[in-house]
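Inspection log for the structure reproduced underneath, given as structure tokens.
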Amino acid sequence: MSKGRGGEGGVGVVDGTDEVERPHRAAELGPELPAVQLAPRLAQFAAVARLEHMTRAAALLGMPQPTLSRAVARLEAELGVDLLARQGRTVRLTRAGRLLLASVERALAEVERGAEAARAEADPAAGRVVFGFLHTLGTDAVPALLRGFRAAHPQVRFQLAQDYVGAMLERLLAGELDLCLVSPVPDDPALVARPLDEQRLHLVVPADHRLAGRRRIRLAEVSREPFVGLERGYGLRAITDGFCAEAGFVPRIAFEGEDAETLRGLVAAGLGVALLPPALVPRPGVVELEVTAPRTRRAIGLAWAAGRPLTPPVAAFRDFVLARRGRLLQHD
């Protein structure tokens with residue numbers, strides 16, 4: 001599971017020798033540029049070059065032999081060089097033809113690999129789902145979802161990404177993620193979002209805190225306490241600030257972090273209090289109190305980009321997750 005994106009580079013090995021990889025340069029496109037003009041005829045030229053026979057190449061491609069002959073002749077005219085030495089219907093490559101064929105074969109093989117990768121991505125049985133979710137859902141809710149889905153779709157592949165909600169929604173809109181499990185549920189016309197469940201947030205206090213003996217508390221009772229919270233940009237931080245505003249105060253943030261368990265550690269050290277989802281395993285040094293006012297629950301939902309077609313494996317996983325509405329957080 002990853003946060004953020006990395007790059008590729010370094011040294012490649014070609015035919016047993018080390019060669020520094022050159023950055024890929026995209027071909028220029030336009031009505032008069034070579035890549036656009038030549039591309040439709042390159043596969044036809046490759047067929048003739050492989051078979052060294054115009055009629056057999058035409059049969060292989062399923063096209064009339066005169067049409068193929070004219071296509072290769074136009075390719076030669078556009079390049080301004082003879083590619084074939086003709087002897088009736090039999091042909092031989094010129095030196096220029098051999099040079100072009102080497103590049104054409106590499107290009108066609110790369111196109112085939114790209115087409116195969118695109119087909120594999122959308123394979124209903126073994127395609128790929130790029131799924132983003134909040135850190136706080138990664139310990140139990142997400143593994144339970146994946147286990148349940150893979151029971152019926154064992155070959156579907158997943159790429160998982162954990163990040164804060166703002167970054168994930170940006171990546172969703174950019175097409176880098178297929179689906180996101182987020183909180184709060186976004187209200188954005190560029191996205192489709194469906195609420196799934198609500199998660200109770202507890203006030204976490206140090207075990208020796210003056211309120212540690214209580215079971216329930218009103219949030220206003222800790223208005224003067226230092227808080228520890230997630231950094232700005234995290235959904236839980238915005239939710240915490242909103243609940244404190246409902247209770248009539250602005251929280252005094254003493255420490256900020258990126259992980260709920262780190263915040264629990266800070267609370268255990270006596271550095272503040274925090275609003276957090278329930279711990280799966282009791283944490284020594286802290287006590288979790290139910291908040292009675294306001295109602296400290298956060299909505300969790302599934303989001304995807306509006307108007308963007310979903311591949312069959314992504315659609316199947318989306319439907320599986322939506323079917324668990326109200327049951328996403330079995331522990332809560």
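Values in this document were obtained by computation on a predicted structure and should not be read as measured data.
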- Remaining members of hydrophobic cluster (4.5 Å side-chain criterion), L51: L60
- Message: Quick check for you: to the nearest 0.5 Å, what is the distance between C180 atom SG and E170 atom CD?
- Response: 11.0 Å
- Query: Looking at side-chain heavy atoms only, is the closest gap between I239 and T296 below 4.5 Å?
  - Reply: no
- Task: Run the numbers on E290 and R200 for salt bridge (charged side-chain N to carboxylate O under 4.0 Å, His left out), then give the verdict.
- Result: CA-CA 9 Å; E290 180 183 345; R200 183 183 301 114; 5.3 Å; no
- Taking only residues two or more places apart in sequence or in another chain, which ones pass side chain to side chain donor-acceptor pair (under 3.5 Å) with Q65? S69
- Query: Does R327 reach the main-chain N or O of A323 with its side chain, forming a donor-acceptor pair under 3.5 Å?
  - Reply: yes
- What is the minimum heavy-atom distance between L181 and M168, and which atoms define it? O-CE, 4.0 Å
- Task: Walk me through it: do F243 and L201 pass the test side chain to side chain contact (heavy atoms under 4.5 Å, CB included)?
- Result: CA-CA 10 Å; F243 284 139; L201 301 179; 3.9 Å; yes
- Message: Enumerate the salt bridge (Lys or Arg N to Asp or Glu O under 4.0 Å) contacts for residues 65-76, please, sequence neighbours excluded, ordered by first and then second residue.
- Response: E76-R86
- Query: With sequence neighbours left out, which residue pairs that include part of residues 120-132 fulfil the side-chain hydrogen bond (donor to acceptor under 3.5 Å, both in side chains) condition?
  - Reply: E121-R128, R128-Q159
- Task: Would you list the pairs meeting side-chain hydrogen bond (donor to acceptor under 3.5 Å, both in side chains) in which at least one residue belongs to residues 178-195, sequence neighbours left out?
- Result: none
- With a 4.5 Å heavy-atom cut-off, do F131 and L302 have their side chains touching? yes
Only pairs under 3.5 Å count here: list side-chain donor-acceptor contacts from residues 264-285, not counting sequence neighbours, and write none if there are none.
residue: R264; atom: NE; partner: E288; partner atom: OE2; Å: 3.3
residue: R264; atom: NH1; partner: E261; partner atom: OE2; Å: 2.9
residue: R264; atom: NH2; partner: P277; partner atom: O; Å: 2.3
residue: R264; atom: NH2; partner: E288; partner atom: OE2; Å: 3.2
residue: R283; atom: NH1; partner: E261; partner atom: O; Å: 3.4

- Task: For T94 and L83, indicate whether the former's side chain and the latter's backbone hold a donor-acceptor pair under 3.5 Å.
- Result: yes
- What closest approach, in Å, do A46 and L101 show between heavy atoms, and which atom pair accounts for it? CA-CD1, 4.0 Å
- Message: Taking L75 as the starting point, is it possible to reach L99 by hopping between hydrophobic residues whose side chains are less than 4.5 Å apart?
- Response: no
- Task: Measure the shortest side-chain to side-chain distance between R298 and L236 over non-hydrogen atoms and say whether it is less than 4.5 angstrom.
- Result: yes
- Point-to-point distance, once rounded to the nearest 0.5 Å, from OG1 of T240 to CG of L263: 9.0 Å
- Message: If I compare all heavy atoms of G301 with all of V185, which pair ends up nearest, and what's the gap?
- Response: N-CG2, 3.6 Å
- Item | Side-chain heavy-atom pair Y234, L134 within 4.5 angstrom cut-off | no
- What's the verdict on side chain to side chain contact (heavy atoms under 4.5 Å, CB included) for E225 and R210, showing C-alpha distance, side-chain angles and the deciding distance? CA-CA 11 Å; E225 301 275 349; R210 61 183 175 85; 3.1 Å; yes
- Message: Suppose we screen for side chain to side chain donor-acceptor pair (under 3.5 Å). Which residues come up paired with R295, at least two apart in sequence or across chains?
- Response: E198
- Message: Set out, in order, the CA-CA distance, both residues' side-chain angles and the distance that settles salt bridge (charged side-chain N to carboxylate O under 4.0 Å, His left out) for E116 and R113, then state yes or no.
- Response: CA-CA 5 Å; E116 194 61 38; R113 280 193 290 271; over 6 Å; no
- First locate atom CZ of R95, then atom CG of D82, and finally report the distance between them rounded to the nearest 0.5 Å. 12.5 Å
- With R98 via side chain to side chain donor-acceptor pair (under 3.5 Å) - residues at least two apart: none
- Stepwise, does the side chain to side chain contact (heavy atoms under 4.5 Å, CB included) test hold for M54 with V48? CA-CA 6 Å; M54 197 67 70; V48 175; 3.7 Å; yes
- Residue pair A49 / L93: nearest heavy atoms and the distance that separates them: CB-CD2, 3.8 Å
- In the single-linkage hydrophobic clustering (I, L, V, M, F, W, Y; side-chain heavy atoms under 4.5 Å), do F45 and M63 co-cluster? yes
- Please step through salt bridge (charged side-chain N to carboxylate O under 4.0 Å, His left out) for the pair R119 and E112, ending with a clear verdict. CA-CA 11 Å; R119 286 192 291 266; E112 180 61 29; 3.4 Å; yes
- Item | side chain to side chain contact (heavy atoms under 4.5 Å, CB included) involving A107 - partner list, sequence neighbours excluded | none
Pairs of donor and acceptor atoms involving the side chains of residues 244-257, under 3.5 Å and at least two apart or interchain, shall be tabulated with distances.
residue: R252; atom: NH2; partner: R224; partner atom: O; Å: 3.3
residue: E256; atom: OE2; partner: R237; partner atom: NH1; Å: 2.7

- Note on the structure: Heavy-atom closest pair (A151 atom, P154 atom, distance to 0.1 Å) is O-CD, 4.5 Å
- Using side chain to side chain donor-acceptor pair (under 3.5 Å) as the criterion, list what pairs up with R216, not counting sequence neighbours. none
- If you round to the nearest 0.5 Å, how far is CD1 of I300 from CG of L196? 8.0 Å
- What is the distance from atom OG1 of T311 to atom CZ of R318, rounded to the nearest 0.5 Å? 10.5 Å
- Shared hydrophobic cluster, V142 / L322 (ILVMFWY, side-chain heavy atoms < 4.5 Å): yes
- Query: Can you tell me if R324 uses its side chain to pair, donor with acceptor, with the backbone of D197 under 3.5 Å?
  - Reply: no
- Among the clusters formed by ILVMFWY side chains lying less than 4.5 Å apart, do L79 and L84 turn up in the same one? yes
- Item | Side chain to side chain, L137 and L329, heavy atoms closer than 4.5 Å | yes
- Task: Flag yes if V129 and L160 sit in one hydrophobic cluster, no otherwise; membership is Ile, Leu, Val, Met, Phe, Trp, Tyr, and two members link when side-chain heavy atoms are under 4.5 Å apart.
- Result: yes
- Item | Heavy-atom pair of closest approach, residues L68 and A58 | CD2-N, 3.4 Å
- Note on the structure: Across all chains, not counting sequence neighbours, the ring pair (Phe, Tyr, Trp, His ring centres under 6.0 Å) partners of F158 are F149, F317
- Message: Less than 4.5 Å apart, side chain to side chain, heavy atoms only: is that true for E110 and R106?
- Response: no
